[in-house]
Amino acid sequence: MNQQETIVALATPSGTGAIGIIRLSGPEAITISNSVFKGKDLTKQPSHTIHFGSIADGELVLDEVLVSIFVGPKSYTRENVVEISCHGSAYIIESIIKLLIKKGARSAKAGEFTLRAFLNGQLDLSQAEAVADLIASNSKASQQVALNQLRGGFSSQLQGLRDQLVQFASLIELELDFAEEDVEFANRDQLKKLIYEINKVIGSLIRSFELGNAIKQGVNTVIAGRPNAGKSTLLNALLNEERAIVSHIPGTTRDTIEEVLNIQGVNFRLIDTAGIREATDAVEQIGVARTMEKISQSALLIYVFDADVISNEELQQDIASLQKPGINMLMVANKIDLLDQTAKLTHLQAQGLPNFITVSAKQKLHIDELKSKIYTTAIKDQLTGDETMVTNIRHLEALQKTEESLIRVLNGIDSVTSDFLSMDIKQALYYLGEITGVVTTDDLLEHIFSKFCIGK
Ligand code: GDP
């Protein structure tokens, strides 16, 4: 990675827009821009100023532009950064970028601006990843989780604990130098205490992944139940529009339909499925198999039944076949509009079920209550917006490996010699460092930043 080079890329989406922003970063960002700019001398302008002028290739004016100047280290990448706001024509943008390349810049690779910000110490690795998450966020909750991580989130917390562990590691290293004298510089009880503390933090971060990931990706929610229970009607009521096909013929929802419903800032990916029953024809059989598969991959199952016709036996049968460990289940008794007021559901044992709600999908009764129930079933506690959550599988793996190495340290602390202890602690330090980027390899960086878009 050559940071002596000045890089250039379009920072706004490609295509036609009102304006396009071309960004340059590197030692020559200002001089290269100045060489094609007709207006003030950009090299003499203070940082954080904007200048009007035009971009010209020799005598040929390409566009009138605004140029923003950020003199390093007070910039996103900590290098000299220039942002050229031009008119958003694909032709103009391409011509200006080509011109800048002719003058000495080179095309930026995916994520290279953020990579430079990381390499220059502006962001740690988990913060750099949060930039990508922030750009990809599509709901209030996912935006808040990413923003929280960008602001330091758990990486500063981990960094403090890692520093303490580094001290122990160096004390134990010192013991190795005095191996013959059998001294202990590192207090074993204090080390144990620290490891318990670290594991507590790590444990809760590991546990946060399930929810964190659900918030980032959207909570996979399956709507299942017997044919004609009213699943499609319920989906429509929830989405407030006519999307799924509603019909009287059992089993019309042949394939699965996926829609996104936002409840209190969290996205739920609702999957309506073909009816669960003994499938007769082949097409439907596939649908039913897919239902079971979707259920096993989901975080939340909304089981809908027709409260008017279902028997206790059928209800128990369905629950028994659908309930799976790790999946939150919400029971929805539908068509309560058909039930006589006084006899409402008394024939069913359903009322004794946990997490149970009555609705009428067709008459849109209790739909808001159902939404709240969906939220609390999946999210449990209200999100406050500043919880630290792990949403990244790379972090999860590093945390799990850290935990494993720390457990090895604990297991050996009273029995193994300093050199083995030292090795296990170093392992833990390595994995912890991987999260914030204290420890990196080129492969890892390549892997992370290649997923960014060009221009970020
Ligand atoms: P699915 O097979 O589970 O998707 O069921 P549908 O949504 O296609 O509904 C089957 C039939 O039940 C349709 O005729 C719906 O109009 C009707 N239905 C659905 N929900 C209700 C409800 O709450 N009350 C009444 N009375 N009918 C309903």
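Order of listing sets the numbers, starting from 1, for every ligand and every atom in it.
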Run the contact test for A229 against ligand 1 with a 4.0 Å cut-off on heavy atoms, strictly below, and give the result. yes
Are K335 and D308 within salt-bridge range, i.e. N to O under 4.0 Å? no
Looking at K192, I'd like to know if its NZ atom is crowded, meaning that more than 12 non-hydrogen atoms belonging to other residues, nucleotides or ligands lie closer than 6.0 Å. yes
First locate atom CD1 of I92, then atom CD1 of I97, and finally report the distance between them rounded to the nearest 0.5 Å. 12.0 Å
Please check whether [X] reaches ligand 1 - meaning an N/O of the residue sits under 3.5 Å from an N/O of the ligand, judged on distance alone.
X    : answer
I336 : no
P227 : no
Q363 : no

To which of K335, R226, K231 does the heavy atom nearest atom 12 (O) of ligand 1 belong? K335
Heavy-atom distance under 4.5 Å between the side chains of F268 and L300, does that happen here? yes
Any side-chain heavy-atom pair from L10 and I21 closer than 4.5 angstrom? no
Quick one: does any side-chain atom of S137 pair with a main-chain N or O of S139 as donor and acceptor, under 3.5 Å? no
Out of all atoms in ligand 1, which are within 4.0 Å of some heavy atom of [X]? Include the element for each.
X    : result
L338 : 26 (N)
S360 : 22 (C), 23 (O), 24 (N)
D337 : 22 (C), 23 (O), 24 (N), 25 (C), 26 (N)
G230 : 1 (P), 3 (O), 5 (O), 6 (P), 7 (O), 9 (O), 19 (C)

Quick one: look at N228 and ligand 1, take heavy-atom pairs under 4.0 Å, and tell me if it's side chain, backbone, both or neither. both
If you measure from each non-hydrogen atom of T233 to ligand 1, which part falls under 4.0 Å: side chain, backbone, both or neither? both
How are the rings of F305 and F356 set to each other: parallel, tilted or perpendicular (split at 30° and 60°)? parallel
